[in-house]
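Take a look at the structure below.
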Amino acid sequence: MTRRDAVAREEGAAGSWARIRRVVRRIPRGRVATYGQVAALAGLPGQARLVGYVLYAAATDGALPWHRVINAQGRISARGEGPGASVLQRLRLEQEGIPFDARGRVSLERWGWRPRPPRSGDARPGAGARARFLPG
DNA sequence: CGCGTGACTTGTA
DNA sequence: TTACAAGCCACGC
């Protein structure tokens, strides 16, 4: 297994992998984050691809809510392990109360994780109708 | 080191 | 809406 060495690495070394895992662990239930967002929060802006790679290796880690990480289009990215994991991911998100539209997409405007929400109010342009209510 | 590949993203057509 | 290209980092050969 090629990724196993990678897993051993993220467990031992405290590099980008550990940071990414740290961020993913912080994603609250009932919210979703994009790969790029996780990368940025981990102090690795623009390295969304690395996030996906890390999640692949950490897929067996039950303590890691990998299912809350989706791509910037609000869709679940397919992987090499077949559609099984993708379906499971969607089911888990729906189980947390996150709805999917007809095209299988999640509204990041409504369900996207906002770790540092800007003063909930009208101080920010474009922050009108959304961010009004929070799930859970 | 170089190359190809990958759970990505953004911009452009 | 889909398809490509360029850019990012890490891994295996």
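Order of the sequence lines sets the chain letters (A, B, ...), proteins ahead of strands, with each chain counted from 1.
Once rounded to the nearest 0.5 Å, the distance linking OG1 of A/T34 with CD1 of A/I70 reads 8.0 Å. Rounded to the nearest 0.5 Å, atoms CD1 (A/I76) and OG (A/S86) are 6.5 Å apart. The structure places CZ of A/R49 at 16.0 Å from CG of A/L44, a figure rounded to the nearest 0.5 Å. Note: A/L108 CG to A/Q37 CD = 8.5 Å, rounded to the nearest 0.5 Å.
A/R103 places its CZ atom 12 Å from the C1' atom of C/dT2, with the value rounded to the nearest Å. Rounded to whole Å, atom C1' of B/dA7 lies 12 Å from atom CD1 of A/I20. Atom pair A/L44:CG and C/dC9:P shows a separation of 9 Å (rounding to whole Å applied). Between the CG atom of A/L64 and the P atom of B/dA7 there is a distance of 17 Å, rounded to whole Å. A straight line from CG of A/L50 to P of B/dA7 spans 14 Å, rounded to a whole angstrom. In this structure, CD of A/Q47 is placed 10 Å from P of C/dC8, rounded to the nearest angstrom. Between the P atom of B/dA7 and the CZ atom of A/R92 lies a distance of 19 Å, rounded to the nearest Å.
The residue A/R105 sits close only to the backbone: its heavy atoms come under 4.0 Å of sugar-phosphate atoms, none of a base. Residue-level contact check: A/A85 touches neither bases nor backbone, having no heavy atom under 4.0 Å from any strand.
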Write down the protein N/O and nucleotide N/O pairs, taken from nucleotides 9-13 of chain B, whose separation is under 3.5 Å; answer none if there are no such pairs.
from  : atom 1 : to    : atom 2 : distance (Å)
B/dT9 : OP1    : A/A72 : N      : 2.7
B/dT9 : OP2    : A/A72 : N      : 2.9

For a side chain to side chain contact (heavy atoms under 4.5 Å, CB included) check, start with the C-alpha distance between A/R29 and A/R68, then their side-chain angles and the critical distance, and finish with the verdict. CA-CA 8 Å; A/R29 190 169 178 281; A/R68 297 189 189 132; 3.6 Å; yes
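With contacts defined as side-chain heavy-atom distances shorter than 4.5 Å, the pair A/L50/A/W17 qualifies.
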